[in-house]
2 protein chains.
Amino acid sequence: MPYDPSAFPPFAVTVDLVVLTVRRHSLCALAVRRGEPPFQGRWALPGGFVRADEDLSQAAARELAEETGLCAHDPSVPAQDNGAHLEQLATYGDPKRDPRMRVVSVAHLALAPDLPAPRAGGDASNARWAPVEELLQQGGYGRDGEPVAPLAFDHALILADGVERARSKIEYSSLATAFCPPEFTVGELRRVYEAVWGVALDPRNFHRKVTGTPGFLVPTGGTTTRQGGRPAQLFRAGGATLLNPPMLRPEV
Amino acid sequence: MPYDPSAFPPFAVTVDLVVLTVRRHSLCALAVRRGEPPFQGRWALPGGFVRADEDLSQAAARELAEETGLCAHDPSVPAQDNGAHLEQLATYGDPKRDPRMRVVSVAHLALAPDLPAPRAGGDASNARWAPVEELLQQGGYGRDGEPVAPLAFDHALILADGVERARSKIEYSSLATAFCPPEFTVGELRRVYEAVWGVALDPRNFHRKVTGTPGFLVPTGGTTTRQGGRPAQLFRAGGATLLNPPMLRPEV
DNA sequence: ATCATAGTCGTCTGCCTGACGATAAACACT
DNA sequence: AGTGTTTATCGTCAGGCAGACGACTATGAT
């Protein structure tokens with residue numbers, strides 16, 4: 001394993017972001033339109049080069065702030081305030097993943113509450129929240145009848161990995177609260193699970209589970225009727241980060 | 001996000017390997033002695049530069065073969081034969097993690113059955129299996145009374161992450177069989193769990209759990225007495241990769 | 001007033017786990 | 001041959017948790 005400084009090939013290192021949120025009862029990811037070749041005009045995940053003096057997590061947090069205005073929290077702490085949860089996802093380094101040069105991309109996963117429309121360099125038409133199924137389908141037509149091109153580079157693969165990570169991680173952690181505003185009801189949290197997993201959950205069993213797990217939710221005392229119906233208790237995320245026993249994802 | 005080829009800082013990209021096995025009832029990792037500065041003479045994780053035309057997983061498999069002679073399996077398949085399970089772990093890119101230059105290391109996790117003594121470039125004294133607690137303790141003295149220096153670079157952090165990944169992943173997957181030879185008994189599999197988790201498990205409940213999970217173990221028909229006592233049935237790893245419900249790690 | 005909507009509390013049943021007794025089949029002694 | 005030791009394997013029982021689902025409550029809409 002020689003470390004001769006002239007004996008290694010130079011790489012470009014980037015961070016790409018899978019930013020997920022729940023809007024209108026469906027799991028959405030942030031996509032930006034590419035302004036230059038390759039894949040000009042196609043949708044891609046936000047991202048950019050890691051700077052010379054920057055740690056990977058710093059670079060990811062910087063990109064996240066540039067694209068969304070979100071302030072990333074320490075990965076060991078569940079999301080609070082208007083910050084987002086941010087964690088490293090995986091690294092992608094196929095020699096041909098970028099046609100121009102050798103690029104290794106360290107993908108990160110960010111989970112955020114529902115946000116206003118995104119801004120990409122101030123240009124709203126070049127950034128959007130899109131349902132993940134729409135971004136992941138290969139070709140075909142979107143909900144507006146407009147033809148859909150696959151994501152640029154290997155970003156469909158990265159997005160699929162990020163979605164799978166989020167789906168499995170809310171099973172055994174309190175991460176689903178990262179999709180919620182600072183104060184939320186049990187029903188709102190349940191709708192997050194339903195959107196991320198794409199299933200329907202029994203409201204009564206869900207309520208029993210989350211309120212019965214010590215440290216998961218702490219009541220704030222307030223109530224709200226913003227979802228209609230009977231007023232619901234408001235909660236904040238508690239200190240517990242691990243759910244034991246886990247929330248069970250229904251089969252099939 | 002400009003992609004101007006002259007606008008990004010060059011990085012060296014390496015793969016580092018956390019190779020775990022179970023020997024003498026304890027979880028051990030492969031360590032190699034560094035032959036040159038920095039950290040000359042200190043123990044480190046095996047690893048090396050990613051070549052210009054190589055994928056990350058290819059580089060990891062190549063390094064693994066060079067260090068141990070193991071043939072890595074496809075990550076989606078549980079280990080069989082004399083191959084090892086290999087999967088990407090995480091990427092480490094602190095600007096100061098290597099004092100000489102900017103190095104981003106994509107760590108991989110390999111799980112292997114108990115092997116003969118390792119070879120590092122043919123030199124046995126420069127590679128060894130060591131219990132992970134021994135490699136992770138900061139300073140102090142090893143079991144042979146010899147003073148122990150911490151691992152080079154940030155390899156203690158990488159090793160700790162790899163161990164934690166292995167510990168949690170055998171809960172909900174059949175990955176523990178990657179530590180076993182092609183044919184093994186329920187008791188041998190139980191000793192793997194006990195070594196990785198550092199706990200004692202009830203042999204009767206463990207037996208019920210693993211034999212009752214469909215697709216986890218398939219009997220080969222043979223028996224063995226290599227562990228002493230009553231002959232035990234031999235099994236191979238079944239097709240199931242996910243354990244549902246998971247194996248529960250005892251509290252405390 | 002009535003209905004629709006959402007939230008919250010209970011009940012019941014079945015499955016799984018942890019604790020642990022009992023039996024079985026080998027080997028090592030004496 | 002008998003006895004003890006070791007490991008494997010089968011069974012039993014009680015407690016906990018999840019799925020299915022009934023019942024009641026408190027709002028806003030018509």
Side-chain angles (χ1 to χ4, degrees), chain A residues 24-25 170-172 180-181 183-195 197 199-236 240 242-252, chain B residues 24-25 170-172 180 183-195 197 199-235 240 242-252:
Chain A
R24 283 180 271 106
H25 212 274
I170 64 173
E171 287 187 51
Y172 58 89
C180 293
E183 296 200 346
F184 53 90
T185 69
V186 173
E188 288 165 348
L189 183 61
R190 175 170 49 82
R191 280 181 274 279
V192 164
Y193 275 89
E194 291 178 332
W197 284 344
V199 297
L201 299 176
D202 185 292
R204 296 157 292 188
N205 293 337
F206 183 87
H207 189 277
R208 177 182 59 189
K209 173 71 177 171
V210 297
T211 56
T213 301
F216 189 8
L217 299 182
V218 293
T220 66
T223 63
T224 182
T225 61
R226 61 184 172 221
Q227 299 288 343
R230 170 176 163 180
Q233 242 185 309
L234 284 169
F235 295 88
R236 284 185 297 103
L242 252 49
L243 259 49
N244 202 323
M247 181 91 55
L248 295 181
R249 175 159 32 164
E251 315 279 322
V252 184
Chain B
R24 283 182 272 106
H25 212 273
I170 63 173
E171 286 186 52
Y172 58 88
C180 293
E183 296 200 347
F184 53 90
T185 69
V186 173
E188 289 165 347
L189 183 62
R190 176 170 48 83
R191 277 175 218 100
V192 164
Y193 275 89
E194 291 179 332
W197 285 345
V199 297
L201 299 175
D202 185 290
R204 297 156 292 189
N205 293 336
F206 183 87
H207 189 277
R208 177 182 59 191
K209 174 70 176 172
V210 296
T211 57
T213 301
F216 190 7
L217 300 181
V218 294
T220 66
T223 62
T224 182
T225 61
R226 62 185 172 221
Q227 299 287 342
R230 171 176 163 179
Q233 240 184 313
L234 283 170
F235 294 88
L242 253 48
L243 258 49
N244 205 325
M247 181 92 55
L248 294 182
R249 172 157 37 161
E251 314 279 323
V252 183

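Side-chain atoms are counted along with the backbone in the values below, which use heavy atoms only and exclude waters and symmetry mates. Order of the sequence lines fixes the chain letters, A, B, ..., with proteins taken first and strands second; residue numbering starts at 1 for each chain.
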Donor-acceptor pair, B:Glu194 side chain versus B:Leu201 backbone, under 3.5 Å? yes

Working to the nearest 0.5 angstrom, can you tell me the gap between A:Leu243 CG and A:Leu248 CG? 10.5 Å

For the pair B:Arg191 (side chain) and B:Gly187 (backbone), establish whether a donor and an acceptor sit closer than 3.5 Å, ignoring hydrogens and angles. yes

Between CZ of A:Arg230 and P of D:dT27 the distance, given in whole Å, is 8 Å

Mind listing the residues from residues 203-219 of chain A sitting with a heavy atom below 4.0 Å of DNA chain D? Number order is fine. A:Arg204, A:Asn205, A:Arg208, A:Lys209

When the distance from CG of A:Leu201 to P of D:dC21 is rounded to whole Å, what number comes out? 15 Å

Can you check the A:Phe184 CZ to C:dA6 C1' distance for me, whole Å? 17 Å

Take atom CD of A:Gln227 and atom C1' of C:dA4, then tell me their distance rounded to the nearest Å. 15 Å

Nearest whole angstrom, please: distance from the P of D:dA8 to the CZ of B:Arg226. 11 Å

Given atom CG of A:Asn244 and atom C1' of D:dC17, what is their separation to the nearest angstrom? 12 Å

Which residue lies more 5' along DNA chain C, comparing B:Pro231 with B:Pro245 via nearest heavy atoms: B:Pro245

Please report the interatomic distance CZ(A:Arg249) to CG(B:Asn244), rounded to the nearest 0.5 Å. 9.5 Å

Tell me the interatomic distance from A:Asp202, atom CG, to C:dC12, atom P, rounded to whole angstroms. 17 Å

Look at the side-chain N and O atoms of A:Arg191 and state whether any lies under 4.0 Å from the OP1 or OP2 oxygen of C:dG7. yes

Just how far is it from atom CZ of A:Phe216 to atom NZ of A:Lys209, taken to the nearest 0.5 Å? 9.0 Å

Closer to the 5' end of DNA chain C via nearest nucleotide, is it B:Gly229 or B:Leu248? B:Leu248

Non-hydrogen atoms of A:Ile170 and A:Met247 that approach each other most closely: O-CB, 4.4 Å

